[in-house]
Amino acid sequence: MQALLSFDQSPPISAPLRFFLTAPLFAMAAGGLLLWSGPDLFASRWTPAALALTHLVTVGFMLQVMLGAMQQLLPVMAGANIRRPLLIATVVHAAITLGGILLVAAFLTLQPWLFGGAVFLLAVGVMTFVAAAAYALYGVPTTSPIIRGLRLGLIGLGVTVSIGLLNAVSLGWGLGVPLAKLANVHLGWGFVAWGCAMLGAVGFVAVPMFQQTPSYPSWFGRGFAVSTLVVVALWTGAELAGWERSASLLSIGVVLVAATFALTTLNLQRMSKRPKLDAVQLLWRVAMVSALLACGLWLLARVSPTLAQWQGWPLLFGTLLLFGGFMSVIVGMLYKIVPFLVWLHLQNLGRGRLMAPNIKKVLDEKQIDRQMHAHFCAFGLLLLSVAWPQWFVYPAGLALIVANAWLLRNLLSAVAVYRSHLAKIEALDASPAAT
Amino acid sequence: MLQTPADKIIDGRGLEPPEPFVLTMDALGVMEPSQKLLLILTREPFPLYRALQNQGYSYQTEVTMQGTFEILIWRKQF
């Protein structure tokens, strides 16, 4: 029997795909920025080029993929359907893409009107999505940790972007808010209350499902997302109130919560039933080890004055977390989500007359492996660039462009499979037997 | 564990999507109208629910203490 899935449970394929296909372009632009700015970018985390690079990855790559993936995950994993998904996707994608470009231009030029444009567009894009997703989740019973995690992750995203917008307005117009302190709070919310909570929710289902591991322990499902939000909120309160001792202790709690996710996932991966690691497992493993190293580095910088004085440690921390952690895991998830999307839509469009292609044939495994190695190569060169920027920044920029052009090529090959199969279905519809 | 006996059981734990979905729909296609199928998963299969409703099946889901989802599926009687 040919299985049919319901279309109203799944947004049109172009809704999430536009986000996935845009993300590698931003990562390639990040590589271009490295080539353009050269070693000076690594002078400090506060250089305009370093801030622009960070946001090319966080807003241009991470935000794009996470919002695109949520459009797909909400109906499939939570039974929550976003109303008018194509309209929402069009508005959100256009707003965050243009907003991301303006934000990067604003960091590089420090023009107030660019910050203003970026603030407006990113606010429109993210808040439209948060409102649409919150409405879809409203009334959905919390039957699994993923639903709780997605809800709390949305709160994390909303707060992250709100603080970021306040910072951008302040940078553009010199409002006199404590920028460095707010930037750290923005980072804490972005990396832990949004990134980790969302990843924890998705990983809770995706890691056992795709990597044949045991399930996450029940305490993790019950408490992880709530813990991230509570500890980050408490730390933010202490930080903004100026309670230095409490803020310092709570900030350690924030890092330990993130480390717990990485350690738990690595432990599960150790128990995988798969005889051989595939690309997705490797990408997750590198991501979790990178996240753990980033957490360790952060804790070490708290106790070692020598390390704390080194201008490069925040850059090393950021490289581990962004390129090694989030980018690796996101690339891995794309290699699972995109073939599923293609299969799902072709299965529906075939209406039982033409079988959808085998999901494992949608993307060539050899190409996935090669792209993964290119990504690891770029990550390694970026790490070396932090210590020896004059030697490694140009190869790192080039490698980042190559790895993400390859990612784009792989994603486009899945789109090509979709189009060619769709043409066969349309030909079948037009044939005399169909009429 | 659901108390109603099932004629066929599909343990979808450890299978990658869409394999449990395809196995379930294939099994339903060859089962007698009076027979029941039990699907065991580690997640709630929302897309499957919709497909079952569209194709004239009823289902009942129970969550075990271990967090496993057990979905009993049978053809609607008209």
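The sequence lines fix the lettering, A, B, ..., with proteins before strands; numbering per chain opens at 1. Being a predicted model, the structure only gives us computed values, none of them experimental.
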Problem set entry | Derivation and outcome, side chain to side chain contact (heavy atoms under 4.5 Å, CB included), residues B:Val22 and A:Trp343 | CA-CA 12 Å; B:Val22 174; A:Trp343 176 88; 3.6 Å; yes

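Within a 6.0 Å sphere centred on CZ of A:Arg274, other residues, nucleotides and ligands contribute more than 12 heavy atoms. Annotation: A:Glu365, atom CD; neighbour count of heavy atoms from other residues, nucleotides and ligands within 6.0 Å does not exceed 12.
Residues satisfying the ring pair (Phe, Tyr, Trp, His ring centres under 6.0 Å) criterion with B:Tyr59, sequence neighbours excluded, are B:Tyr49.
Once rounded to the nearest 0.5 Å, the distance linking CD of B:Glu16 with CD1 of A:Ile359 reads 8.0 Å. Atom CZ of residue B:Phe46 and atom CG of residue A:Leu74 lie 11.0 Å apart, to the nearest 0.5 angstrom.
Within the 4.5 angstrom heavy-atom criterion, only backbone atoms of B:Leu15 (N, CA, C, O) approach chain A. Using a 4.5 Å cut-off between heavy atoms, A:Lys336 touches chain B through its side chain atoms alone.
Taking chain A as the reference chain and counting heavy-atom pairs below 4.5 Å, the highest number among B:Ala27, B:Pro17, B:Gly12 is found for B:Pro17.
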Just list the side-chain donor-acceptor pairs under 3.5 Å for residues 208-218 of chain A, sequence neighbours left out, or say none.
{"residue": "A:Gln211", "atom": "OE1", "partner": "A:Gln269", "partner atom": "NE2", "Å": "2.6"}
{"residue": "A:Gln212", "atom": "NE2", "partner": "B:Gly14", "partner atom": "O", "Å": "3.4"}
{"residue": "A:Tyr216", "atom": "OH", "partner": "A:Thr265", "partner atom": "OG1", "Å": "2.8"}

